[in-house]
Amino acid sequence: MYMTLALGSVEAILLGIMAYDRYLAICHPLVYTSDMGKWRQFQLASACWLAGFIIAAICVSITFRHPFCGPCCINHFVCEIPMVLKLACDDAHITRHIIVMFAGIVILGPFSVILTSYGLILFSMLQMRPQSGTLPENEKQMAVFYLVVTPLLNPLIYTLRNKDVHKAMAKVLRRWVL
């Protein structure tokens, strides 16, 4: 449970850092090498790992502070916090709220960084004015497509390649159409 939470949190935070890195490389290419040196990369990567493991440690520790009663078997493939909290004998309401708060931070924090960075990249690309000797407008639009739209759609494309997601989407579409 701890490793799943820790690595999932690290991955989400790392995606936000990668979006910031893309923003810096595209919108500020002249200062990119000085702002994103080896030491800064090490700091950002270390912060991702540290934050992910601390958040996971907090969530797991507050989960296991409850007394447990009844069957100690969870009928799941992975031991997840909500399933463990169902086995708690006392009220786990506050623990659930704390875990939801941390989940919101881990999900919405990087998500807002990703949306902001892509929005700023798109805004800066649209602010470019054509000058003599530059690319025609349709080639600029293709560059914007490759730099902004394609990486933005990659998670959606990879998600749709998952067979379980594909089956669920087909089921929802069948319900919607009927």
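Just so you know, residue 1 is the first one in the sequence shown, and it goes up from there.
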Exercise answer: donor-acceptor pairs, residues 55-62 side-chain atoms, under 3.5 Å, sequence neighbours excluded:
| unit_1 | atom_1 | unit_2 | atom_2 | d |
| --- | --- | --- | --- | --- |
| S61 | OG | A57 | O | 2.9 |
| S61 | OG | I58 | O | 3.0 |

- prompt: Who pairs with R40 by side chain to side chain donor-acceptor pair (under 3.5 Å), at least two apart in sequence or on another chain?
  reply: Q43
statement: Note: with side-chain heavy atoms under 4.5 Å as the link, the other cluster members for F42 come out as W39
message: Count I, L, V, M, F, W, Y as connected when their side-chain heavy atoms are under 4.5 Å apart, and connections chain through other members. Are L108 and I105 then in the same cluster?
response: no
Which pairs of donor and acceptor atoms, one on a side chain in residues 97-104, lie under 3.5 Å apart (sequence neighbours left out)?
| unit_1 | atom_1 | unit_2 | atom_2 | d |
| --- | --- | --- | --- | --- |
| H97 | NE2 | H93 | NE2 | 2.8 |

Contacts table for residues 11-25: side-chain donor-acceptor under 3.5 angstrom, sequence neighbours left out:
| unit_1 | atom_1 | unit_2 | atom_2 | d |
| --- | --- | --- | --- | --- |
| D21 | OD1 | Y32 | OH | 2.6 |
| D21 | OD2 | Y32 | OH | 3.4 |
| R22 | NH1 | Y118 | OH | 2.7 |
| Y23 | OH | H28 | NE2 | 3.1 |

- request: Step through the shown structure and confirm whether more than 12 heavy atoms of other residues, nucleotides or ligands are within 6.0 Å of CZ on F68.
  value: yes
- request: Any chance you could measure T4, atom OG1, to L7, atom CG, to the nearest 0.5 Å?
  value: 7.5 Å
- line: Rounded to the nearest 0.5 Å, the OG atom of S117 sits from the CG atom of L122 at a distance of 11.0 Å
query: Is there a path of hydrophobic side-chain contacts, each under 4.5 Å between heavy atoms of I, L, V, M, F, W or Y residues, that connects L50 with M3?
result: yes
field: Residue pair M1 / E80: nearest heavy atoms and the distance that separates them
entry: SD-C, 4.1 Å
task: Any chance you could measure T116, atom OG1, to I121, atom CD1, to the nearest 0.5 Å?
output: 11.0 Å
- prompt: Going from CE on M36 to CG on L44, what distance comes out if it is rounded to the nearest 0.5 angstrom?
  reply: 5.5 Å
Same apolar cluster (I L V M F W Y, side chains within < 4.5 Å links), V106/F111: no
task: Can you measure from CD1 (I81) to OH (Y2) and round to the nearest 0.5 angstrom?
output: 11.5 Å
task: Spell out, yes or no, whether I26 and L30 are grouped together once hydrophobic residues are joined by side-chain heavy atoms under 4.5 Å, including indirect joins.
output: no
- request: Identify whether V113 and L115 are in the same connected component of the hydrophobic contact network (ILVMFWY, side-chain heavy atoms under 4.5 Å).
  value: no
- request: Could you name each residue pair satisfying side chain to side chain donor-acceptor pair (under 3.5 Å) that touches residues 81-91, not counting sequence neighbours?
  value: H66-D90
